[in-house]
Amino acid sequence: MSSALIYAEDWEHIPELLSTSAALGLSPLIIFSHRDLIDIKVAAKNGASEIITHRLEPIPTYISRLLVQVISERQPRIILGEAKKNVREIFGRAAQRMGKACVNNCNNIDIAEGIVRIIRPILGGGYNGIQELIGSPVFVTIRPEAFKKYPVKSVEEPLITEIDLKLKRDSIKLVDKKTTKRSEVDLSLAKVIVGVGRGFRNKEDLKLAEELAELLNGVIGCSRPISSDLKWLPEDRHIGLSGKWIRSRLYIAVGISGQIQHVVGIKNAETVIAINNDPDAPIHKESDYSIIADLYEFLPVLIKKLRESKLRSIYG
Amino acid sequence: MLNIHVCVKQSIDINSLEYDPDTLRPRLETLQFRIGDADLCAVEEAVRIKENNGGKVTLLCAGHNINPDIIREAMAIGADDAYVVSDPLVRDADQWVYANVLAALSVLAGQPDIILCGESSLDDSAYQVGPRIAEELDLPSITHVTRLEVKERKIIAERAIEDGVEILEVELPVVVSVGLEINTPRLPSLLMIRAASRKNVNFIPLDAIKLPKEKLSSLVKYCDIKAIKVGRKNVVLSGSLEEIASMLLSVLKSDGVIQ
Ligand SMILES: Cc1cc2nc3c(=O)[nH]c(=O)nc-3n(C[C@H](O)[C@H](O)[C@H](O)COP(=O)(O)OP(=O)(O)OC[C@H]3O[C@@H](n4cnc5c(N)ncnc54)[C@H](O)[C@@H]3O)c2cc1C
C-alpha cells in the first residue's frame with residue numbers, strides 16, 4: 001500500500017486530513033508535527049499509525065530539511081497538508097529539493113489508476129484548473145473544500161518517533177510574533193454575512209454594517225484590503241481567493257467592487273445582494289439583486305425599515 | 001551596493017480573459033498579458049531598497065513569447081536591466097521548471113544579495129516559486145512579507161501569517177516573496193517610461209543556461225480549465241431609497257431569510 005505523510009502546523013484539522021488520506025486509499029497514515037502540538041488520542045482515533053515529531057521553531061526553511069529526511073525514510077505516496085502559508089513554503093522547498101510536483105490550495109483531490117488528480121482555483125479564482133501530478137511522491141496542500149469524510153479505523157496506539165537533525169540554524173531568526181485574536185465565528189459556516197469593502201471610508205463606519213448584520217443575525221466579513229491593508233478586521237474575516245470561501249444563505253456585499261479574487265469566495269452563497277454606488281462595478285454582475293446607491297445614504301434607511309418592520313431573521 | 005534580482009512573470013491578464021459560455025473554457029482570442037500585481041510590488045520594493053541603500057535592480061523572467069515591452073513596463077518602475085528566457089520549451093512550465101530556469105538566470109546575472117518575488121502569480125496562483133528558487137540556490141526564504149528593511153548584511157522583515165505577524169531577521173543573501181500589502185507600486189512617469197525604453201532586455205537562449213532535460217520537464221500537467229459559472233438573477237432594484245429598502249425586505253422575506 002502507499003502511505004500518506006501528513007504535515008501539520010496545528011491540529012485543528014488533523015481528523016479531516018487523516019480521513020481525506022484514508023478516502024484516497026492511502027495507508028498507513030503518518031503525521032509529522034512539532035512535539036508540543038501532538039495529541040495522541042486524536043491521532044489514534046482517526047487512524048494515524050505513527051507520529052513523527054520535531055522540535056524546530058516554525059521556520060519553513062529549516063522544517064523543510066527535516067521533512068525531506070522523513071520522506072526519504074518513509075517513502076510516502078503523498079505529502080498532504082492544509083493550505084496555509086508555512087505549509088506551502090515548506091512543501092515548495094522540499095519538492096524542489098527532491099525534484100517533485102507540488103500543488104497548493106486544492107479544492108479537490110483524487111487518485112485514479114495510480115495518478116493523482118487535483119482541482120485548484122486559477123486565473124484569479126474564476127476558473128478551476130484540473131491537473132495531473134507526475135511522479136511520486138507529490139506534495140499537496142488542500143483547502144477545507146477538499147476534505148473528504150471516510151469511516152477511518154482507529155489505531156490502538158500510534159508509534160511516536162522523534163526526529164532530530166543537527167542543522168546549522170543561524171541565518172534566520174524569528175525575533176518576535178504578535179498573535180492576533182481569532183474571530184469567534186467561522187465565516188465558512190455562517191448563514192448570513194454582510195461583507196464590507198473599501199467603500200467604507202473609516203473604521204468607525206463599519207458600525208452601519210454591524211448593525212445590519214446584527215438585525216439579520218448575521219456576521220461581518222470583508223474584502224482583503226479591509227483586513228490585510230487597513231487591518232480594520234482580523235485576517236480570518238476576509239473572503240476570497242486568499243481567504244474564506246463562504247456558503248451562506250445570504251451575502252450582502254457593501255462597498256465591494258467585486259474583483260475576481262473576491263468573487264471566488266462567494267460563488268457558493270445562495271443569494272447575493274450588492275450595494276455599490278458605481279453602476280459599472282463588477283459585483284453587480286455577480287449578484288442576484290443590485291442596489292446602486294451610496295451606502296452611507298442607503299444603509300440607514302434599510303436599517304430603520306428593518307427595525308420598524310416586524311420581520312426578524314429566521315436564524316437566531 | 002546591493003545586487004537585487006526580481007522575478008517577474010508575464011501572466012495572463014485575468015480581467016480581460018473571457019470564456020466560452022458553452023464549453024466554459026477560456027477563449028484564447030481574449031488572451032492578453034501583463035506582469036502580475038504581486039510581482040510589481042516586488043519590483044517596487046527592490047527599487048525602494050536601491051534608493052535607500054544603493055545598488056542595482058535586475059529583472060528575471062522565464063516564459064514563452066515574452067514581449068519585451070511588457071518587461072519594459074516593469075523596468076520603468078526603476079529597474080536597471082533584465083534577463084529573459086523566452087522559449088517554447090518553457091511554455092507549459094510548472095513551478096519546478098520556472099524555478100529551475102529563474103535560479104539559473106539569477107546565477108548568470110550574478111551574485112544577488114536579495115532575490116524578490118511576488119507571493120503568487122496573477123494567473124497560476126501556485127504560491128511556491130520563491131521558496132523553490134531559494135532551495136535550488138541553497139538560500140533561506142521568507143514568504144508573505146509585508147514590510148522589509150535592509151540593515152547592513154541583514155534584512156528585517158514583517159511577515160503576515162494566518163494568526164498574526166512575525167518579525168524575522170535573515171542574513172543576506174535571501175529570497176523574499178512579497179505580499180500585495182507591502183507597497184503600492186508607483187505609476188511610472190513619462191520620463192521613466194522613456195528611460196526604460198533604452199534599457200537593456202537581455203534575451204538569453206535556453207541553451208546558454210545549460211539545464212539538464214529533467215529540469216525542464218513539468219511535473220504538473222493541465223488536463224482542463226473550466227470557468228466557474230454561477231447563475232445569478234442580476235436584478236437591479238431601483239426607485240427612491242425608501243422604495244428600494246422595501247423591495248429588498250420583500251426579497252429577503254420571499255427568500256425566507258426573514259419572516
Ligand atoms: C493574488 C491576489 C489575491 C487576492 N485575494 C483576494 C481575496 O482573497 N479577497 C479579496 O477581497 N481580494 C483579494 N485580492 C484583491 C482584489 O483584487 C481587490 O483588490 C479587492 O477585492 C478590492 O477590495 P474592495 O472591493 O474592498 O475595494 P475596491 O476595489 O477599492 O472597491 C471599493 C468599491 O466601493 C464602492 N464605493 C465607494 N464608495 C462607496 C459608497 N459611498 N457607497 C457604495 N459603494 C461605494 C466603489 O464603487 C468600489 O466598487 C487579491 C488580489 C490578488 C492579486
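Letters A, B, ... mirror the listed sequences (proteins, then strands); counts begin at 1.
Only the backbone of A:E286 comes within contact range of chain B, judged by heavy atoms closer than 4.5 Å. Residue contact with chain B, scored on non-hydrogen atoms closer than 4.5 Å, is absent for A:I90. Both the backbone and the side chain of A:L302 come within less than 4.5 Å of a heavy atom in chain B. In this structure, chain A has a heavy atom under 4.5 Å from the backbone of B:L24, while its side chain stays farther away. At a 4.5 Å heavy-atom cutoff, the contact between A:S287 and chain B is made by backbone atoms alone. For A:D10, no part lies under 4.5 angstrom from a heavy atom of chain B. Contacts of A:I273 with chain B are made by side-chain atoms alone, with heavy-atom separations under 4.5 Å and no backbone atom involved. Neither the backbone nor the side chain of A:D236 comes within contact range of chain B; no heavy atoms are under 4.5 Å apart. Looking at A:E89, both its backbone and its side chain come within 4.5 Å of chain B, counting heavy atoms on both sides. If you measure heavy-atom distances from A:T141 to chain B, you find no contacts under 4.5 Å at all. Of the atoms belonging to A:I119, not a single heavy atom falls under 4.5 Å from chain B.
Options A:E270, A:R224, A:R65 differ in how many heavy-atom pairs under 4.5 Å they form with chain B, and the most are formed by A:R224.
For the salt bridge (charged side-chain N to carboxylate O under 4.0 Å, His left out) test with B:D163, the passing option among A:R182, A:K84, A:K85, A:K177 is A:K177; the others fail.
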